[in-house]
Amino acid sequence: MRDFLSSYSIGKGSIIIKLMKDNSNMKTEPIHTVDALLEENRVFKPEKSFLSQANVKDAGIYKDAQKNPKKYWENWAKKLDWFQKWNKILEWKPPFAQWFIGGKLNACYNCVDRHVKGPNKNKAALIWEGEPGEQRILTYWEVYREVNKFANALKSLGVKKGDRVAIYLPMIPEAVISMLACARIGAIHTVVFGGFSAEALKDRINDAQAKVLITADGSYRRGTVVPLKNMADKAIENCPSIHHVVIVRRANNEIHVKEGRDHWFHRLIQKAKHYCEPEKMDSEDILFTLYTSGTTGKPKGIVHTTGGYMTGVLATTNMVFDLKPEDVFWCTADVGWVTGHSYVVYGPMANGATQVIYEGAPDWPERDRFWKLIEKYGVTIFYTAPTAIRAFMKWGVEWPKSCNLSSLRLLGSVGEPINPEAWMWYHKHIGGGQCPVVDTWWQTETGSIMIAPLPGIMPTKPGSATKPLPGIDAVVLNDEGEKVKTGGGYLAIRKPWPSMLRGIYGDPERFKKTYFRKWKDIYFPADGCKIDDDGYYWLLGRVDDIMLVAGHNISTMEVESALVSHHSVAESAVIGITDDVKGQAIAAFVTLKEGHAPSKEVEERLKAHVAHAIGAIARPSKVLFAEDLPKTRSGKIMRRLLRDIAEGRALGDVTTLSDANVIEKLKKRYEEES
Ligand code: 6R9
């Protein structure tokens, strides 16, 4: 491997944008600055052997889709089973889109029923492993049976089409079964991540006005039992809409069962009838809402409907992951995150995949748990997040090295920009240099993957999600809405796509203001992006995270990438702090790799390293060592909280934080050092 640093050099005067903090008057001024990412020039061409078997072999797909996107999406929609065909493909009254109008289908039917009618009937659908090590394998038939019964059980509790059901479960098969059972009867599920607090659960239930809550007695995390039901009890003290609670027995911990309100899942199933007619849902009926705060602000209930969403996830699972019937697919995301909705439940199951689901932590009981699972189940496609990859790097290569990972044939990444260094590590140490890496950019709001390589035909560059998928009109624009051919700007999506959000639950005004305020009738994802000379997209993270240092825009991601390229650094989070002279100065929070100790000397070395990699302008004025960084439950770094610390403010909303201790510790350390 080439020395990573040699691919970085001081800027060649490329154009980059200037982003102001206040979105309402963001200005674009071409300025000269360093542009480290565009210097990344390693290219990995797809292997011939991969191409010859790929689901998508013909690059003509891009042009065809561009010529007639409606036709392109209609062809994908046809691969679903519909009770009634649509009479119009698209109606676009910005910002509201409707897809496959008049069509009737059922998401659960597409994920389960249609497989049990054919050779997939006895195929493993879910290969589940609990954290303590127990195993359950459910065939499509078994999932079908459970889903039908549970759908009937929900009906017996009075759940009807359009009612909301909150799901607060660990990663156990019942999480998938519950979601599919809701979809079967047309109830709208709202999955709340099982690691969220009672407070976060309460807010989401109240916003959704959920009638039923599905939870478990407890769940396992790093060897201890998390008392899920206790937390749920606390939450619903203040949730008047909840009439019934269903409890899955998982950890056998002691819980309080409230007579009349609380019901055991297994008892309900025992009593339930075997078949439940799937509801004939309109293409535009709501399938689910899912709360996202991203890394900023009050959670929004993102609304997804049925036909378009299913079309999007079916297509992208097939094309981006090159999924085949014989694959063993493993997406490590929790179902509480959109990635778990689209690439654990609906996408893979609509495609009839066999997949692995794992309940617990990657380092329990040892740091090789993921690799052991891959070896044990012969996982062929592995999809995880950069934050996990950086943790694996920190733990060292001996863990994956000790396992046989030769079954893998494709690797995916999602959730954050992946640093080139992490991409290379993933490619080399997990993929054995043999597997294409698909870096997939998308959002809760987009429903399915938008920017990613088609692995058989698109050469990849470490750190770039490559180009928009066929049928996706994603471009980079400046403030005036002009297209940026090369250089930096804002990512924008100009045309509607089937799996786009249909709104924010109960708040159409916020929907318009959040996503369509910037340019007329164009979706604004609020991510910065650069385009290189080959038309490759380099996602830079949230616009809010871009710093303005002495008039130069520097993305936090670029500085973080430079830091991570230093051999001692495992992970970093960079923020802009107020500086009288420069406007903003750079503060870097750094986690060192195992075997490296913090010191003044290391601090100076890291500052010099960034200055060398990107330019003097990007030299951090502060480096703080941290054992851990504050992250959301899905692993995204919460720079907003670091900014609160640095500015001496009270911490903003911390409900989506994965570990509250991390931020408290950092706060103390910061105050001591300042
Ligand atoms: C799927 C998911 C969305 C935000 C998005 C962006 C960041 C996700 C990324 C990526 C760069 C990637 N993001 N994937 N940034 N490269 N491959 O993560 O949804 O939780 O809603 O987050 O995550 O900033 O805007 P969600």
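Just so you know, ligand 1 is whichever comes first in the structure, and atom 1 is the first atom listed for that ligand.
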Worksheet item: Going by distance alone, is a donor N or O of one side chain under 3.5 Å from an acceptor N or O of the other, for Tyr505 and Arg164?
Response: yes

Worksheet item: Which of these, Trp442, Tyr343, Trp441, Tyr537, has its nearest heavy atom closest to atom 1 (C) of ligand 1?
Response: Trp442

Worksheet item: For the rings on Trp337 and Tyr343, is their centre-to-centre separation under 6.0 Å?
Response: no

Discussion item. Below 4.0 Å, non-hydrogen atoms only: which portion of Lys636 touches ligand 1? Side chain, backbone, both or neither.
Written reply: side chain

Worksheet item: Donor-acceptor pair, Gln434 side chain versus Gly431 backbone, under 3.5 Å?
Response: no

Fill in: Plane angle bin for Tyr358 and Trp330 - parallel if under 30°, tilted between 30 and 60°, otherwise perpendicular
perpendicular

Worksheet item: Is the closest side-chain donor-acceptor distance between Lys636 and Thr387 under 3.5 Å?
Response: no

Discussion item. Looking only at distances, can you tell me whether any N or O atom of Ile418, backbone or side chain, sits closer than 3.5 Å to an N or O atom of ligand 1?
Written reply: no

Response to the item:
Taken to the nearest 0.5 Å, the spacing of Arg639 CZ from Ile575 CD1 works out to 10.0 Å

Discussion item. Just to be sure I'm reading this right: ignoring hydrogens, which of His341, Glu445, Met557, Arg542 gets closest to atom 25 (O) of ligand 1? Compare them by their nearest heavy atoms.
Written reply: Arg542

Practice prompt. For Gly415 and ligand 1, answer yes if some heavy atom of the residue is under 4.0 Å from a ligand atom, otherwise no.
Written response: yes

Item to complete: Could you check Ser634 against Thr632 for side-chain hydrogen bond (donor to acceptor under 3.5 Å, both in side chains), going step by step and ending with a plain yes or no?
Response: CA-CA 5 Å; Ser634 58; Thr632 64; 3.2 Å; yes

Discussion item. Looking at non-hydrogen atoms alone, which of Thr292, Thr444, Leu290 comes nearest to atom 21 (O) of ligand 1?
Written reply: Thr444

Worksheet item: N/O to N/O below 3.5 Å, does that happen between Ser413 and ligand 1?
Response: no

Discussion item. Is there a polar contact between ligand 1 and Ser634, counting only N or O atoms under 3.5 Å apart?
Written reply: no

Discussion item. Side chain, backbone, both or neither: which applies to Leu539 and ligand 1 if a contact is any heavy-atom pair less than 4.0 Å apart?
Written reply: side chain

Worksheet item: Backbone or side chain, does any N or O of Thr339 fall under 3.5 Å from an N or O of ligand 1?
Response: no

Discussion item. I want to check a possible cation-pi pair here: Lys518 against Tyr490, using under 6.0 Å from ring centre and within 45° of the ring axis as the test.
Written reply: yes

Practice prompt. With heavy atoms of Val338 as the reference, note each atom of ligand 1 found under 4.0 Å away.
Written response: 1 (C), 19 (O)

Response to the item:
A student checking ligand 1 against Thr440 at a 4.0 Å heavy-atom cut-off should list atoms 9 (C), 12 (C), 14 (N), 17 (N)

